Protein chains: 2
Amino acid sequence: MDEALPPMVDAETVVSERPRDHKAELRLWLRLLTCATLVEDEVRSRLRNRFDVTLPRFDLMAQLHKAPDGLTLSQLSSRMMVSNGNLTALVERLVEAGQIERRNSGSDRRVVNVVLTPAGSAAFARMASQHEDWIAGFFDGLDEAEIEQLMVLLGKLKASTRAAIHPTGPTP
Amino acid sequence: MDEALPPMVDAETVVSERPRDHKAELRLWLRLLTCATLVEDEVRSRLRNRFDVTLPRFDLMAQLHKAPDGLTLSQLSSRMMVSNGNLTALVERLVEAGQIERRNSGSDRRVVNVVLTPAGSAAFARMASQHEDWIAGFFDGLDEAEIEQLMVLLGKLKASTRAAIHPTGPTP
DNA sequence: CTGAATCATTTTAAGCTTAAAACAGTTGGT
DNA sequence: ACCAACTGTTTTAAGCTTAAAATGATTCAG
């Protein structure tokens with residue numbers, strides 16, 4: 001059918017005049033998701049098999065490790081990008097396991113602070129070192145420059161996505 | 001202790017002699033995960049609010065859309081990268097909703113084939129078009145060249161990760 | 001000081017997810 | 001034909017996840 005079009009319009013123009021499809025972006029998104037899933041699933045599996053710990057628990061402990069003075073549940077849910085209600089049970093299980101400790105805030109009785117116990121801190125240090133090596137292994141096919149390029153491009157994507165999600169209305 | 005070392009060794013050398021840390025890879029992984037989570041959570045939320053459908057259901061329908069002749073449960077679980085047992089309930093709910101149909105394979109009585117119903121196909125087409133626009137919106141801050149670069153770099157990462165996960169032992 | 005709005009957390013209901021075990025059907029070697 | 005190994009699916013138990021509603025605590029304008 002397209003062969004019958006007058007040859008005045010070249011392929012370039014046809015493309016630019018279409019309502020515009022976004023197949024390239026879609027394929028890129030699927031590839032990004034594939035990479036994330038591959039790595040995440042393998043990390044989950046290794047954490048379970050070698051340390052008998054789940055990925056969400058590891059993530060929570062990682063956040064506490066980065067914040068030695070502890071975090072509130074709200075801070076945790078925001079940094080882990082999970083819902084608030086999620087944390088109640090997760091924290092409960094880690095407390096039972098002796099890895100973390102709940103502390104009531106002195107000033108605000110609504111607030112619950114959470115801190116790693118010494119045992120939790122030691123357990124996390126052991127796991128984190130392995131974890132870092134695993135990640136390095138997954139990225140082994142990329143050289144330093146490529147890692148840097150990816151870092152920059154994903155930085156742009158992060159900003160672009162945030163902008164699309166939280167549109168700043170025109171300030172009148 | 002290290003301060004007692006003779007000053008023959010400069011910082012550069014010290015770095016290269018360390019067991020090697022992999023902070024750059026780790027930070028890149030966290031950034032990649034952040035991007036994936038940002039996009040995925042927003043897509044999940046829009047699918048729920050605008051089409052009253054969950055992301056896993058959308059994903060399953062997308063796979064069936066790409067395979068008009070239908071897929072077995074094993075094919076689905078492998079393409080969606082989720083566990084086998086996961087699909088049983090997911091398929092059941094979509095069948096109840098009239099979006100898909102189960103068909104027993106003629107040749108192998110173990111196999112269950114799944115196909116979109118006409119209603120499911122129409123519903124998916126409606127959603128997919130919006131979905132594609134949402135994704136394009138998230139990538140709006142990147143130009144064509146950057147999208148292409150990301151595609152290439154993530155292709156490398158995918159290959160590298162697969163290699164790390166399924167090591168091909170030395171063939172003796 | 002009081003009540004409305006806000007905030008931090010918990011609860012609830014539904015659904016998703018996995019790993020591992022169980023089941024059922026098929027295949028290949030003898 | 002037989003049985004062992006394998007394959008495709010389902011079941012089970014435990015845990016994760018979300019959205020939405022509920023609870024309890026704080027803040028602040030009036």
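Every chain is numbered from 1 and lettered A, B, ... according to where its sequence line falls, protein lines coming before strand lines. This structure is a prediction, so every number in the text was calculated from the model and none was measured.
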Any side-chain heavy-atom pair from B/Met151 and A/Arg31 closer than 4.5 angstrom? yes

Quick check: do A/Val53 and A/Met127 have side-chain heavy atoms less than 4.5 Å from each other? yes

side-chain hydrogen bond (donor to acceptor under 3.5 Å, both in side chains) with [X]: which residues, sequence neighbours excluded?
X        : value
B/Arg46  : B/Glu42
A/Arg103 : A/Glu101
A/Arg110 : A/Asp108

Pick the closest DNA chain C nucleotide for A/Gln75 and for A/Asp41 by heavy atoms, then say which residue is nearer the 5' end. A/Gln75

Do the side chains of B/Val115 and B/Leu71 join up, straight or via other hydrophobic residues, at under 4.5 Å, putting them in one cluster? no

With clusters defined by side-chain heavy atoms of hydrophobic residues (ILVMFWY) lying less than 4.5 Å apart, directly or transitively, does B/Ile100 cluster with B/Val111? no

What side-chain donor-acceptor pairs closer than 3.5 Å can you find for residues 73-94 of chain A, not counting sequence neighbours?
from	atom 1	to	atom 2	distance (Å)
A/Gln75	OE1	A/Thr72	N	2.9
A/Ser77	OG	A/Ser74	O	3.2

Using a strict heavy-atom distance below 4.0 Å, which residues from [range] are in contact with DNA chain C?
range                       : result
residues 46-59 of chain B   : B/Thr54, B/Pro56, B/Arg57
residues 82-98 of chain A   : A/Asn84, A/Gly85, A/Thr88
residues 107-117 of chain B : B/Ser107, B/Asp108, B/Arg109, B/Arg110

Of all nucleotides in DNA chain C with an atom under 4.0 Å from a non-hydrogen atom of chain B, which is the first and which the last going 5' to 3'? C/dG15 to C/dT26

In short, ring pair (Phe, Tyr, Trp, His ring centres under 6.0 Å) pairs touching residues 81-116 of chain A with sequence neighbours left out are none

Here the gap from A/Arg44 atom CZ to A/Leu47 atom CG, rounded to the nearest 0.5 Å, amounts to 9.5 Å

I need the CG-C1' distance between A/Asn104 and D/dG24, as an integer number of Å. 13 Å

Does any pair with a residue in residues 134-151 of chain B pass salt bridge (Lys or Arg N to Asp or Glu O under 4.0 Å), and if so which ones, sequence neighbours excluded? A/Lys156-B/Glu146

Mind listing the side-chain donor-acceptor pairs of residues 23-30 of chain B below 3.5 Å, one per line with the distance, residues two or more places apart or on another chain?
from	atom 1	to	atom 2	distance (Å)
B/Lys23	NZ	A/Glu132	OE1	2.9

Which atom pairs, one a donor and one an acceptor, fall under 3.5 Å between side chains of residues 60-69 of chain A and the rest of the protein, sequence neighbours left out?
none

